[in-house]
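This report concerns only the one structure given below.
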Protein chains: 2
Amino acid sequence: MQTALQPRDITFKQLRQACSNCSLRELCLPNELNAEEMKQVDELIGQGKPIKRGEALYRAGEPFRALYAVRVGFFKTSVVSEDGREQVTGFHMSGELMGMDAISADHYTCDAVALEDSEVCELPFEEMESLSRKIPALQHHFYRVMSREIVRDHGVMLLLGNMKAEERIAAFLLNLSQRFQIRGYSSMSFHLRMTREEIGSYLGLKLETVSRTLSKFQDQGLIKVQNRLIELRDVDGLKQLVNSCQG
Amino acid sequence: MQTALQPRDITFKQLRQACSNCSLRELCLPNELNAEEMKQVDELIGQGKPIKRGEALYRAGEPFRALYAVRVGFFKTSVVSEDGREQVTGFHMSGELMGMDAISADHYTCDAVALEDSEVCELPFEEMESLSRKIPALQHHFYRVMSREIVRDHGVMLLLGNMKAEERIAAFLLNLSQRFQIRGYSSMSFHLRMTREEIGSYLGLKLETVSRTLSKFQDQGLIKVQNRLIELRDVDGLKQLVNSCQG
DNA sequence: CGGACCGTTGAAGAACTTCAACTCGGGTGG
DNA sequence: CCACCCGAGTTGAAGTTCTTCAACGGTCCG
């Protein structure tokens with residue numbers, strides 16, 4: 001494993017860029033840091049580690065050393081049950097943190113796989129933890145980020161437990177749209193980085209159901225689908241769908 | 001709200017008992033604390049606040065001030081969607097922490113309702129946060145507890161996304177059994193604190209399906225059901241169920 | 001003792017899955 | 001450069017699982 005990392009480390013250093021200059025700073029780090037604090041954080045964080053499409057950033061069972069922030073690209077995280085069923089637990093885009101599940105058991109419990117060529121920043125957890133004792137805003141930030149993950153998971157539980165296929169897909173598309181918008185990309189038209197099967201796994205549906213539902217939405221004029229390119233045509237219609245049918 | 005709390009506060013103080021004497025200490029707090037650290041924690045934590053069956057400890061939207069540890073009793077937490085659908089996000093027994101969802105948005109996002117007469121300990125979050133900067137073990141403990149909640153949620157997502165009704169119910173019963181065992185209660189026979197509907201909400205099933213499945217398990221000799229009293233008769237059989245059917 | 005709530009069970013219906021056939025597009029090797 | 005092939009996606013038809021609707025029994029509590 002160590003040897004495999006060496007060629008990467010070269011690129012790693014070439015791409016090095018301080019958090020203080022990073023446009024994603026508001027997403028990853030608390031915004032109340034002063035220059036001195038920022039510098040301390042900068043010194044800990046390893047930046048721009050590239051992960052090729054299809055590669056795993058980490059896998060379930062590997063020892064925990066760091067959290068990872070997506071710098072560019074797109075990831076899925078998934079858990080696998082004892083009998084081999086995969087459940088996608090999340091899709092992660094720039095500025096989002098991965099690996100928080102690993103703190104409790106000291107090893108990762110998910111696989112994190114890049115769905116396109118990506119780069120991540122490495123946050124060595126022990127060091128961050130100890131730095132967060134000196135910088136209250138940083139400590140609070142980590143509590144908040146973990147809390148946000150819990151809230152997000154509850155939202156997925158609501159979706160999986162109560163919603164019908166059409167509502168799930170509509171909610172999924174709206175969620176992606178919103179997250180692209182926050183990052184300055186178009187919220188009305190975007191490229192899906194994942195397969196129908198991965199969407200299905202995340203939403204508790206089979207890939208055929210995902211495909212059928214997207215086709216149905218297109219027939220209804222809600223969206224336009226061209227392979228993985230999605231264009232939202234009637235956002236209000238989609239929103240109504242999410243809050244309409246009784247589950 | 002303040003007035004309603006006053007009669008409680010009397011009992012609150014009557015029941016006061018230090019964490020250092022509490023048998024649940026290993027569940028709530030890190031076990032590496034020395035006497036001095038323990039004392040500091042003790043001084044912050046409000047103990048033995050009683051919540052009657054059916055009452056809410058907190059509700060979604062209320063401002064966040066404290067985490068709560070179940071001392072005695074049993075709680076459910078649930079989120080409600082915009083159109084009024086309830087999703088039970090968890091059942092919580094003694095030693096377990098509730099309210100971590102509230103850190104990110106500074107208000108609770110769930111309702112927490114007692115399913116039997118209960119008592120909770122109050123952990124004022126801001127004070128705990130600042131104390132945790134002085135006690136590394138305490139800080140690490142909170143990170144771990146939140147991480148554990150994330151892992152648990154991923155497990156529920158796997159259950160809701162991939163499992164059939166029988167597998168969900170079997171997994172649910174085995175999970176309860178294990179948690180009772182940890183607390184020194186019988187793992188083979190226990191009382192369900194929640195209705196069939198609440199089980200169904202948690203597992204993404206209708207109450208009739210829950211009822212039918214329990215009856216079926218009884219017919220198969222896996223369990224014995226008497227209202228809310230459950231007796232496990234074939235734990236291995238249940239375990240096989242969880243890891244058998246392909247979802 | 002009456003009523004509300006909880007739970008059980010049957011039968012019919014809806015929603016999703018499964019199985020299967022086919023299309024499309026991109027990459028590879030002849 | 002083109003043929004081929006593979007993975008991804010679409011669509012139809014049949015099948016399964018769960019839900020819905022409805023009726024009824026039990027139990028707890030005022």
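Order of the sequence lines fixes the chain letters, A, B, ..., with proteins taken first and strands second; residue numbering starts at 1 for each chain.
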- Query: Between A/F75 and A/F91, is the ring centre distance below 6.0 Å?
  - Reply: no
- Tell me what A/L205 touches on the nucleic acid: a base, only sugar-phosphate, or nothing, going by heavy atoms under 4.0 Å. sugar-phosphate
- Message: Less than 3.5 Å apart, any donor N or O on the side chain of A/H154 or B/T109 sitting next to an acceptor on the other?
- Response: no
- Respond yes when some side-chain nitrogen or oxygen of A/R196 is under 4.0 Å from OP1 or OP2 of D/dT10, and no when none is. yes
- Message: Taking the ring centre of each residue, are B/Y185 and B/F190 less than 6.0 Å apart?
- Response: no
- Message: Can you measure A/N162 atom CG to D/dC18 atom P for me and round it to whole angstrom units?
- Response: 16 Å
- Message: With a cut-off of less than 4.0 Å, is there a side-chain N or O of B/S215 near OP1 or OP2 of C/dT9?
- Response: yes
- Query: Has A/K206 got a side-chain N or O lying under 4.0 Å from the OP1 or OP2 atom of C/dT18?
  - Reply: yes
- Can you check the B/L203 CG to D/dT19 C1' distance for me, whole Å? 16 Å
- Atom CG of B/L207 and atom C1' of D/dA22: how far apart are they, to the nearest Å? 13 Å
- Task: Give a yes-or-no answer on whether the side chains of B/T77 and B/T89 include a donor-acceptor pair shorter than 3.5 Å.
- Result: yes
- Message: Between P on D/dA8 and CG on A/N227, what's the gap in Å once rounded to a whole number?
- Response: 13 Å
- Query: Once you round it to whole Å, what is the distance between P of D/dC21 and CD of B/E208?
  - Reply: 10 Å
- Under the 3.5 Å rule, do the base of D/dG12 and the side chain of A/R212 count as making a donor-acceptor pair? yes
- Message: Side chains of A/S78 and A/E86 only: does a donor on one sit below 3.5 Å from an acceptor on the other?
- Response: yes
- Within the structure shown, what part of the strands sits under 4.0 Å from B/R228 by heavy-atom distance: base, sugar-phosphate, or nothing? sugar-phosphate
- Message: Whether the side chain of B/R168 and the base of D/dT17 hold a donor-acceptor pair under 3.5 Å is what I'd like checked.
- Response: no
- Item | For atom CD1 of B/I169 and atom C1' of C/dG7, their distance in whole Å | 14 Å
- May I ask you to say what B/G200 touches in the nucleic acid, namely base, sugar-phosphate or nothing, with a heavy-atom cut-off under 4.0 Å? nothing
- Which part of the nucleic acid, if any, lies within reach of A/T195 when heavy atoms closer than 4.0 Å are counted: base, sugar-phosphate only, or nothing? sugar-phosphate
- Message: Can you measure A/E197 atom CD to C/dC16 atom P for me and round it to whole angstrom units?
- Response: 18 Å
- Does A/T209 make a side-chain N or O approach to OP1 or OP2 of C/dC16 shorter than 4.0 Å? no
- Item | Interatomic distance, A/L229 CG vs C/dC24 P [rounded to whole Å] | 18 Å
